[in-house]
Visitor: 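A single structure is presented below for examination.
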Amino acid sequence: QVQLVESGGGLVQPGGSLRLSCAASGSIFGINAMGWYRQAPGKERELVATMASGHSTNYADSVKGRFTISRDNAKNTVYLQMNSLKPEDTAVYYCNAIVVAFSGLEYDYWGQGTQVTVSS
């Protein structure tokens, strides 16, 4: 079993910054990709940013130039640095990891979500 524990959400004013963290623990042979998704009220969950094990990245157009994803493979941790935050960034942010088990099989895990609210 694998657990993803997120931290770093909160309330911030427009133009401010937040840094989200997500640490994976448990029965992990490797992690192929880690990333962040978000879901605003009344909307579907959407991709924010992902990073593969080789550190290639993929960002939603709406966050390019403002958000930066990074990984510490030794700690099985992914970060999301969010700058120049806008009210439309308000959402629950979920961590995701594609974990390789010792069996060699891949499993898709999600964190519990952390609230990010951008408001004056």
Side-chain angles (χ1 to χ4, degrees):
Q1 195 58 276
V2 172
Q3 297 80 40
L4 302 182
V5 178
E6 300 145 337
S7 60
L11 172 65
V12 64
Q13 293 186 342
S17 298
L18 282 175
R19 188 189 193 214
L20 305 183
S21 299
C22 172
S25 63
S27 182
I28 299 171
F29 178 76
I31 301 179
N32 282 340
M34 297 188 81
W36 295 92
Y37 292 72
R38 67 186 181 187
Q39 188 167 18
K43 294 188 176 181
E44 294 187 353
R45 190 173 298 188
E46 63 176 3
L47 178 146
V48 177
T50 60
M51 177 176 276
S53 58
H55 290 260
S56 61
T57 58
N58 182 35
Y59 291 94
D61 288 342
S62 59
V63 307
K64 284 180 181 177
R66 300 188 298 122
F67 291 10
T68 302
I69 189 170
S70 60
R71 277 176 68 170
D72 184 334
N73 289 335
K75 296 181 179 179
N76 290 332
T77 299
V78 65
Y79 307 94
L80 185 68
Q81 178 66 43
M82 304 186 292
N83 299 327
S84 302
L85 282 160
K86 305 175 181 180
E88 51 263 43
D89 294 318
T90 296
V92 177
Y93 284 70
Y94 296 91
C95 175
N96 174 260
I98 309 299
V99 175
V100 181
F102 287 95
S103 64
L105 297 176
E106 284 188 347
Y107 296 91
D108 191 4
Y109 290 97
W110 292 88
Q112 78 283 0
T114 185
Q115 177 70 47
V116 171
T117 302
V118 184
S119 175
S120 55

Visitor: Whether K64 and D61 form a salt bridge (side-chain N of Lys/Arg under 4.0 Å from carboxylate O of Asp/Glu) is what I want to check.
Guide: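 The answer is yes: the pair qualifies as a salt bridge.
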
Visitor: Quick check, are the ring centers of W110 and Y37 under 6.0 angstrom apart?
Guide: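 Ring centres of Y37 and W110 closer than 6.0 Å.
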
Visitor: Tell me whether V63 shares a hydrophobic cluster with V12, the cluster being built from Ile, Leu, Val, Met, Phe, Trp, Tyr side chains joined at under 4.5 Å.
Guide: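 Yes; tracing contacts between hydrophobic side chains, which count when under 4.5 Å, links both residues.
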
Visitor: What are the two closest non-hydrogen atoms of S120 and P14, and how far apart are they?
Guide: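 Taking every non-hydrogen atom into account, N-CD, 3.7 Å.
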
Visitor: N83 and S17: side chain to side chain donor-acceptor pair (under 3.5 Å), yes or no, with the steps?
Guide: CA-CA 4 Å; N83 299 327; S17 298; 2.9 Å; yes

Visitor: Check the orientation of Y93 and F67. Use parallel for under 30°, tilted for 30 to 60°, and perpendicular for over 60°.
Guide: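 Plane angle between 30° and 60°, so tilted.
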
Visitor: Would you compute the distance between atom CG of L18 and atom OG1 of T117 and round it to the nearest 0.5 angstrom?
Guide: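 Reported value, rounded in 0.5 Å steps: 9.5 Å.
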
Visitor: Not counting sequence neighbours, which residues clear side chain to side chain contact (heavy atoms under 4.5 Å, CB included) with V5? List them please.
Guide: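 With sequence neighbours excluded, V5 shows a side chain to side chain contact (heavy atoms under 4.5 Å, CB included) to no residue whatsoever.
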
Visitor: Among pairs that include at least one residue of residues 34-104, which meet disulfide (SG to SG under 2.5 Å), considering only residues two or more places apart or in two chains?
Guide: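 Applying disulfide (SG to SG under 2.5 Å) to every pair that reaches into residues 34-104, excluding sequence neighbours, yields C22-C95.
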
Visitor: Can you name the closest pair of heavy atoms from F102 and S27 and give their distance?
Guide: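 Closest heavy-atom pair between F102 and S27: CD1-OG, 3.5 Å.
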
Visitor: Go through the steps to decide whether R38 and K43 satisfy the test side-chain contact (heavy atoms from CB on, under 4.5 Å), and finish with yes or no.
Guide: CA-CA 9 Å; R38 67 186 181 187; K43 294 188 176 181; over 6 Å; no

Visitor: Would R19 count as a cation-pi partner of Y79, with NZ or CZ less than 6.0 Å from the six-membered ring centre and within 45° of the ring normal?
Guide: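 Yes, R19 and Y79 form such a contact.
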
Visitor: Atom CG of L80 and atom OG1 of T114: how far apart are they, to the nearest 0.5 Å?
Guide: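 L80 CG to T114 OG1: 11.0 Å, rounded to 0.5 Å.
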
Visitor: Closer than 3.5 angstrom, by distance alone: can the side chain of E6 be matched with the main-chain N or O of G113 as a donor-acceptor pair?
Guide: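 Side chain of E6 to backbone of G113: a pair is present.
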
Visitor: Rounded to the nearest 0.5 Å, how far does OG of S25 lie from NZ of K75?
Guide: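 These two atoms lie 14.5 Å from each other.
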
Visitor: Is there a chain of hydrophobic side chains (I, L, V, M, F, W, Y, each step under 4.5 Å between heavy atoms) that links Y107 to I98?
Guide: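 Cluster IDs for Y107 and I98 differ.
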
Visitor: Is there side-chain contact between M82 and L20, with at least one heavy-atom pair below 4.5 Å?
Guide: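 With C-beta onward as the side chain, the pair touches.
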
Visitor: More than 12 heavy atoms of other residues, nucleotides or ligands under 6.0 Å from CD of E88: yes or no?
Guide: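 Counting neighbours around CD of E88, more than 12 heavy atoms of other residues, nucleotides or ligands fall under 6.0 Å, so yes.
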
Visitor: L11 and S119: side-chain contact (heavy atoms from CB on, under 4.5 Å), yes or no, with the steps?
Guide: CA-CA 7 Å; L11 172 65; S119 175; 4.2 Å; yes

Visitor: For the hydrophobic clusters of this structure (ILVMFWY residues joined by side-chain heavy atoms under 4.5 Å, transitively), does one cluster hold both Y109 and I28?
Guide: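 Hydrophobic grouping puts Y109 with I28.
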
Visitor: Less than 4.5 Å apart, side chain to side chain, heavy atoms only: is that true for W36 and I69?
Guide: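 Yes - at least one pair of side-chain heavy atoms lies under 4.5 Å apart.
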
Visitor: Could you state whether V100 and L4 fall into the same hydrophobic cluster, counting links through intermediate Ile, Leu, Val, Met, Phe, Trp or Tyr residues with side-chain heavy atoms under 4.5 angstrom apart?
Guide: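 Each belongs to a different hydrophobic cluster.
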
Visitor: Would you say the side-chain atoms of T90 pair up with the backbone N or O of V118, donor to acceptor, closer than 3.5 Å?
Guide: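 It does hold such a pair.
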
Visitor: Answer yes or no on whether R45 is positioned over the face of Y94, meaning its NZ or CZ is under 6.0 Å from the six-membered ring centre and within 45° of the axis.
Guide: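 Ring-cation test returns yes.
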
Visitor: Once rounded to the nearest 0.5 Å, what's the spacing between atom CE of M51 and atom CG of N73?
Guide: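 One finds 9.0 Å between CE of M51 and CG of N73.
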
Visitor: Is any side-chain heavy atom of R71 less than 4.5 Å from a side-chain heavy atom of S53?
Guide: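 Sidechains of S53 and R71: in contact.
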
Visitor: Honestly curious: do M34 and V2 fall in one hydrophobic cluster under the side-chain, below-4.5 Å linking rule?
Guide: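 Per the 4.5 Å side-chain linkage, M34 and V2 are co-clustered.
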
Visitor: So, taking the atom named CD in Q112 and the one named CD in Q3, what distance separates them when rounded to the nearest 0.5 Å?
Guide: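 Q112 CD to Q3 CD: 11.0 Å, rounded to 0.5 Å.
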
